[in-house]
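Remarks on the structure that follows.
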Amino acid sequence: MGRFIVRRLIGVVLLLIIVSAATFAVFFLGPKFVGADVARNFCGRVCNQQSLVEVKAKLGLDKPIYEQYGAYVKGVVAGRDFVTGTDTTHCSAPCLGYSFKTDQSVWFLMKDRLPITFSLAIGAALMWLVSGVAVGILSALRRGSFFDRAAMSVALAGVSLPVYFTGLVALSIFSYKLKWFVNVHYVGFTSNPALWAKNLLLPWICLAFLYAATYARLTRANMLETMGEDYIRTARAKGLPESVVIRRHGFRAALTPIVTIFGLDLGGLLGGAILTETVFGFPGVGKLAYDAIATQDLPVVLGVTVFAAFFIIMANLIVDVAYAYVDPRVRYG
Amino acid sequence: MQHDPLTPTKGERSTSPEGRRLDRVTAPLDVEKSALQADPDAAVSGLSAKAVEGRSLRQIAWMRLKRDKVALGGGIVILLLILIAVFAPLIVKLLGHPPNDFHQELLDPTLLTPKGSFGGISSQFLLGVEPVNGRDVFSRIVYGARISLLTAFLATLLSVSIGTVVGITAGFFGGWVDGLISRLMDILLAFPLLVFAISIGTVIQTANGSVFGLSGTSLSVATLIFIIGFFNWPYIGRIVRGQTLSLREKEFIDAARSLGATNRHIIFKQLLPNLAAPVLVYSTLIIPTNILFEAALSFLGVGVRRPTASWGSMLSDAVETYQIDPVFMIVPGVALLITVMAFNLLGDGLRDALDPRAGR
């Protein structure tokens, strides 16, 4: 087991290097490729040749790309020193550089916004997991009933509805028409837990709706498949009560693929967070990325991308380890 | 590289549900299918084939699909949408106004929202008037269908082509080729797709002049197609690889090989026809995802370049005004919902119809 994890961890590091290098290439070579100059955006109104060179030197854009990337990786692992004229600023690990726009540390920018994105993600994830799986199981057990048909119709609409539409509809109905949620904005958990939950409720529901629909459909399909297996018949034949058959034999087997997908979805949730945070105006990591992209603030975008990739890869790893723990065949495969 | 079909190589066990599904293909159908495709000319023309009329998978699937009213409904809606997209200029000429014409006389001069109720819906403006600029919402929805379907179809085509080629290569040749391709797919799947797509979109938006001889709207559409198509192929690649791995061990492949068939023949004449069903189902199911992806990017302002109409950018315009004019938000949202749902319904129906396990 230990060796398996070590092997996977080495893979994680390699994967992170590749993802960050590719991202780096897109951001720093991409503009050149389409004939735009990044430095010009940060050069101010009076931009002559000399100030352009200064800006480039300040942003580190004057060095060749591989040197920039090398310095970046070193910064993430061991921290790095930024030298401007005679001043030296030490940026300790994990150093993701400084914003081109505001000169703030990218790591601190992200750290400030993480609680918002985590609040959004974890709340929504719990909501969709519980509701999606519950609805899926009930539908499977009462296949063809009114509940099943109604739930699956709603779920079908759910997978077809983007969060940027449900979010707007929810806001216009519950916030502006009915005034149940007035002035939806993020409030820190520590300052006011009740308001925190109340203001997050709409974003949670909107984000969770999409996933819950997928999970309900998936759980239903898995459950139907499992309940048709021979060992379920055996379990029934040996006289187990139906509730035990469902819980011990049906549900457990049907749940395994759900766990896999849950890990992956949780890792990829940052994408959903960008849209949700934009619609609801929550200043989370997703919104940070979106704003940084709009202003071409490359270090911030790069930081968020690498962070998001790290998240996806770690989620993958956790799923794999959990699987290896459950299923010994995977460990030695 | 010649692979001995009797000795399974490493990575043989297909853990994907699709892989498992194929292992469990029910006997009569499988025999029919493989016999038909293993040797369409010679062997089948034996005794039994004449006595019992064999049905191809396509016939069975069509029979089942015809009975599935919901899926058929989805299919009809899709056909209508395609017609709307193709004949957009004609439809707009007959029923609307040019999509980029401003009609400020129809707006309230202080609020800049449409005069009249329900977003200014009238016999002249079937779906109302856009706030602020006063463009015809109907025309923009019709032209938006073009962008939406065009990007989704071409992106799907791109990812399905790459995915199928790469998946077959990995599954068929196995060994280090498979290892390399599988790692590549892992890497691509670990990319935070939306963040990455937004950044490439931004870089392209800053383009001065033309790139690859494209500029403006066509450049942004081409970029969208490329981003969506390129990052989605590993999903289909995995499925095709899994299917190929299990198909490779089937008897009809052994038979073809012992008759001296080349790899080329096996791949194109034996494997590809058997992969058609899962690839078709998967394609129908990723088109709606791609439509939503295009809309999301346009919503974030890095998709189709304005003023070209896109449902996503209409929704993002609606963010400013939905509190006073909800109709302008609802119309593109419902257009998206109908389109995506139609594809999902058809995709579900196709999957059920082509699933050999389904006994219906």
Side-chain angles (χ1 to χ4, degrees), chain A residues 11 15-16 18-19 22-23 26-27 30-31 33-36 38 41 156-157 159-166 168-169 171-173 175-177 222 225 257 264 267-268 270-272 274-275 278-279 286 289-290 293-294 296 298 301-302 304-309 311-313 316 329-330 333, chain B residues 10-11 13 15 17 70 183 186-187 189-211 219 288-289 291-293 295-296 299-302 312 315-316 318-319 322-324 326 329-330 332-334 336-345 348 357:
Chain A
L15 208 54
L16 269 181
I18 295 171
V19 171
T23 316
V26 167
F27 293 135
F33 181 67
V34 297
V38 181
N41 288 334
L156 185 74
V159 293
S160 312
L161 276 171
V163 65
Y164 41 87
F165 182 51
T166 41
L168 287 179
V169 171
L171 274 178
S172 85
I173 295 176
S175 186
Y176 294 101
K177 277 269 148 57
N222 281 336
E225 195 180 321
L264 300 181
L270 205 82
I274 294 184
L275 292 165
T278 309
V279 170
Y290 174 66
I293 286 162
Q296 290 225 312
L298 299 183
V301 183
L302 188 59
V304 175
T305 312
V306 170
F307 182 75
F311 229 76
I312 295 178
I313 295 168
N316 270 316
R329 284 178 305 174
V330 178
Chain B
K10 193 181 160 238
R13 199 179 52 246
T15 40
V70 181
R183 287 295 84 72
D186 285 348
I187 292 169
L189 290 175
F191 267 78
L193 181 52
L194 193 64
V195 185
F196 212 69
I198 294 172
S199 345
I200 298 180
T202 321
V203 168
I204 292 288
Q205 298 262 335
T206 62
N208 289 331
S210 65
V211 181
L219 175 65
T289 323
I291 290 176
L292 289 180
F293 202 88
F299 177 80
L300 293 172
V302 291
L315 273 172
S316 100
V319 171
Y322 72 93
Q323 299 167 33
I324 33 179
M329 164 198 72
I330 290 166
V334 169
L336 260 179
L337 174 68
I338 292 174
T339 313
V340 171
M341 212 149 137
F343 275 103
N344 278 331
L345 287 173
D348 281 358
R357 279 186 313 164

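Below, read A as the first sequence line, B as the second, and so on, with proteins coming before strands; counting in each chain starts at 1.
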Query - Closest-packed option against chain A by number of heavy-atom pairs under 4.5 Å, given B:Thr339, B:Leu300, B:Ile330 - result: B:Leu300
Query raised in the report: Checking side-chain contact (heavy atoms from CB on, under 4.5 Å) for the pair B:Val319/A:Leu168: CA distance, chi angles, key distance, verdict?
Result: CA-CA 7 Å; B:Val319 171; A:Leu168 287 179; 4.0 Å; yes
**Report entry** chain B contact via A:Ser172 - side chain, backbone, both or neither, heavy atoms under 4.5 Å
**Finding:** both
Report summary line: When rounded to the nearest 0.5 Å, the distance separating CD1 of A:Ile274 from CD1 of B:Ile198 is 4.0 Å
Query raised in the report: Got a second to check how far A:Tyr164's OH is from B:Leu292's CG, nearest 0.5 Å?
Result: 5.0 Å
Query raised in the report: What residues, two or more places apart in sequence or in another chain, satisfy side chain to side chain donor-acceptor pair (under 3.5 Å) together with B:Asn344?
Result: A:Ser160
Report summary line: With chain A, the option among B:Val334, B:Thr289, B:Asp348 that has the most non-hydrogen atom pairs under 4.5 Å is B:Asp348
Requested in this report: Taking side chain to side chain contact (heavy atoms under 4.5 Å, CB included) as the test, write out the residues that go with B:Ser316, two or more places apart.
Outcome: B:Phe299, B:Arg306
**Report entry** Atom of A:Leu275, atom of B:Ala296 and distance for their closest heavy-atom approach
**Finding:** CD1-CB, 4.0 Å
**Report entry** Best-contacting candidate, B:Pro332, B:Ala197, B:Ala295, against chain A by heavy atom pairs under 4.5 angstrom
**Finding:** B:Ala295
Report summary line: Shortest non-hydrogen pair, B:Leu315 vs A:Phe165, comes out as CD2-CD1, 3.8 Å
Query raised in the report: Is it the backbone or the side chain of A:Val159 that comes under 4.5 Å from a heavy atom of chain B, or both, or neither?
Result: both
Query - With A:Pro162, the side chain to side chain contact (heavy atoms under 4.5 Å, CB included) member among B:Ile291, B:Leu337, B:Leu336 - result: B:Leu336
